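Worksheet for the structure shown next.
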Amino acid sequence: MIDLRKHSSRHLETKLVLPIPETQRYDREIHYYLFSPPQLYVNRSTYTEERILHKFQSHGRYSSPEITLEELLDEQNALSPLTILRHYTADLEKDVTSVPERNVIHELQTIVNSIRHENKACLQDCKDMVKLGMSNDLGTTLDAWQANMQSLCRILRELLDVIRAKFSPDNRLMLAFLWADEAVSILCEKHAIDLYMTSSALQEQMPATLTGLLAFSREEMEYRSEQDYPSGSNNPETVQYRKAVLKKWTQSALYLVPEISRWPKRVSEILAGTAAGIAMAFATLTAIFAETTFIRNSLQWALIVIIGYVFKDRIKEWLRLFFNAVLPRMMADEISSFLSPKTNKKICSSRIKLKFEEPDTLPTMVKEIRKDKNNPFRDMLPKEDIIHYMRDLVMHPLTKHGLEREKFPRENNFTLVTRIRLDDFLKEMDDPNDVVFRMDPNADELDQLNSERVYHLHLVIREYAKKEDLDVYSHYTIVMNKSGIVRIEQMPLL
């Protein structure tokens with residue numbers, strides 16, 4: 001299932017999570033059909049397909065490892081990044097060159113990512129318990145979370161003290177421990193407050209637990225201030241910026257290395273050269289025919305040469321359209337791969353194609369989903385402009401990486417995030433604010449209403465896999481005005 005959310009006032013963001021196979025590859029097709037009102041003029045007459053393609057920006061990464069706090073703290077769990085970090089720290093205490101720096105930093109980042117993922121899951125569980133009135137289970141969950149996080153912070157800071165005694169303050173390894181400690185502290189403070197606010201409806205049943213959450217949050221805030229961490233500042237701008245920096249640093253351990261293929265450009269150049277060569281051959285043969293048949297510089301000779309050059313340009317364009325129609329997969333706009341940072345092997349391969357569609361050429365299912373059942377006169381109105389963004393994905397198995405089963409990465413899911421910039425759709429929109437007058441229903445006078453001029457963009461998403469018998473659609477309405485996205489509404493399919 002592809003999730004859609006508002007990333008900013010001018011950006012949509014979709015997220016697709018796919019499992020990384022162990023033995024067999026599999027395919028996915030992703031289709032985005034973006035319908036826009038004709039008065040916005042986002043069509044092939046005003047924009048090239050290449051320009052629109054640049055509005056779709058994607059990046060791939062591993063999904064955050066799914067490790068519970070109990071599994072993270074379990075010393076017998078050999079896959080726990082905290083257990084691995086303990087072993088690394090013990091080795092570094094004996095010999096500062098015994099462990100590669102990158103390995104230690106990776107485990108620190110993984111600990112923070114695991115905590116962030118587990119905190120989100122815990123928060124959702126608590127929300128569900130509050131809705132169901134499960135105060136006893138909720139209290140147990142909150143107490144367990146706080147106890148586990150306090151234990152984790154204590155262990156991490158004990159390891160930090162060991163590293164502090166062996167390395168200088170400006171050493172990269174030392175800085176990595178400090179950054180991880182600060183990131184964990186921020187997560188503890190924020191999540192304790194989130195849990196408190198979520199559970200406050202049941203405060204009477206567990207006052208001590210909720211008071212403990214607030215105290216824990218305050219302790220972490222004071223701890224960062226004592227350690228002189230940037231996020232311990234009283235300046236909100238500094239704190240927010242620091243949070244963003246730490247989040248990007250910790251999640252960089254999940255990023256996959258993108259590799260853009262030059263093949264589409266090379267194929268495009270070869271086909272363009274072929275088309276130009278055929279067109280030039282036609283013009284040359286026409287000129288030879290004119291030379292051998294008519295008197296040089298005669299009217300007939302000039303007409304034949306002119307006709308030859310006119311058709312030369314047309315032949316180039318016809319051949320370009322022919323190649324684009326006959327060889328769609330070779331003519332992909334972008335071919336790329338996401339590589340594992342450890343093995344440099346492919347995790348996922350991707351082929352992208354974007355084009356403007358005509359309403360009549362759309363698949364039947366997409367037409368039915370987009371049909372506006374509230375407007376029986378839709379066929380009398382100007383047709384919508386349609387952008388069709390296609391991405392073919394191939395997930396490659398881990399056995400191709402040359403790794404033994406026990407050395408497979410903890411991260412077993414691939415996340416593809418795509419951001420869609422909508423700024424081109426805003427240029428032709430009217431100003432958002434408007435004043436409307438009507439008769440006041442409760443008095444014999446005019447009533448002034450302030451209204452906003454909004455536009456509706458429709459996004460139909462299809463996820464398809466023939467071998468898995470998967471064909472899932474979703475439909476969203478993006479309500480926009482001149483300032484950007486107002487809201488996103490999920491629509492019924494049929």
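Just so we're clear, the structure is a prediction, and the values are computed from it rather than from any experiment.
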Non-hydrogen side-chain atoms of Tyr33 and Pro363 separated by less than 4.5 Å: yes
Arg453 charged N/C atom sitting above Tyr455 aromatic ring, 6.0 Å / 45°: yes
Pairwise side-chain contact, Ile347 with Lys345, heavy-atom cut-off 4.5 Å (strictly under): no
Ring geometry between Phe56 and Tyr389 (parallel below 30°, tilted from 30 to 60°, perpendicular above 60°): parallel
Contact check, side chains of Leu416 and Arg391, non-hydrogen atoms, under 4.5 Å: yes
Note, Ile478 side chain near Glu489 side chain (heavy atom, < 4.5 Å): no
Geometric class of the His7/His11 ring pair [parallel <30°, tilted 30-60°, perpendicular >60°]: perpendicular
Residues His31 and Glu29: side-chain donor-acceptor under 3.5 angstrom: yes
Any residue meeting ring-ring contact (aromatic ring centres under 6.0 Å, His included) with Phe35, in chain and number order, not counting sequence neighbours: none
Side chain to side chain donor-acceptor pair (under 3.5 Å) partner of Glu384, the single match among His458, Arg370, His456: Arg370
Flag for Thr110-Asn113: side-chain donor and acceptor within less than 3.5 Å: no
Check: Ser185/Tyr229 side-chain N/O donor and acceptor closer than 3.5 Å: no
side-chain contact (heavy atoms from CB on, under 4.5 Å) evaluation trace for Leu457 with Met480: CA-CA 8 Å; Leu457 272 64; Met480 304 181 67; 3.9 Å; yes
Flag for Gln109-Ser252: side-chain donor and acceptor within less than 3.5 Å: yes
For Asp423, the option from Lys482, Lys55, Arg10 that meets salt bridge (charged side-chain N to carboxylate O under 4.0 Å, His left out): Lys55
Audit row: Arg28, Glu468, salt bridge (Lys or Arg N to Asp or Glu O under 4.0 Å) steps and yes/no: CA-CA 9 Å; Arg28 279 285 193 283; Glu468 301 173 40; 2.8 Å; yes
Student check: side-chain heavy atoms of Leu393 and Tyr26 closer than 4.5 Å: no
Nearest heavy atoms of Gln150 and Phe216, plus distance in Å: CG-CE1, 3.7 Å
Between Tyr255 and Arg61: side-chain donor-acceptor atoms closer than 3.5 Å: no
Separation of Lys355 NZ from Glu49 CD (nearest 0.5 Å): 8.5 Å
Quiz item: cation-pi between Arg51 and Tyr47, 6.0 Å / 45°: no
Leu156 side chain near Leu108 side chain, heavy-atom distance below 4.5 Å: yes
Contact check, side chains of Leu69 and Trp145, non-hydrogen atoms, under 4.5 Å: yes
Atom pair OG/CG of Ser63 and Leu254 - distance to nearest 0.5 Å: 8.0 Å
Ile67, Thr250, Leu85 screened by side chain to side chain contact (heavy atoms under 4.5 Å, CB included) with Ile111, the one that passes: Leu85
Contact check, side chains of Thr415 and Tyr62, non-hydrogen atoms, under 4.5 Å: no
Ring center gap for Phe338 and Phe414 short of 6.0 angstrom: yes
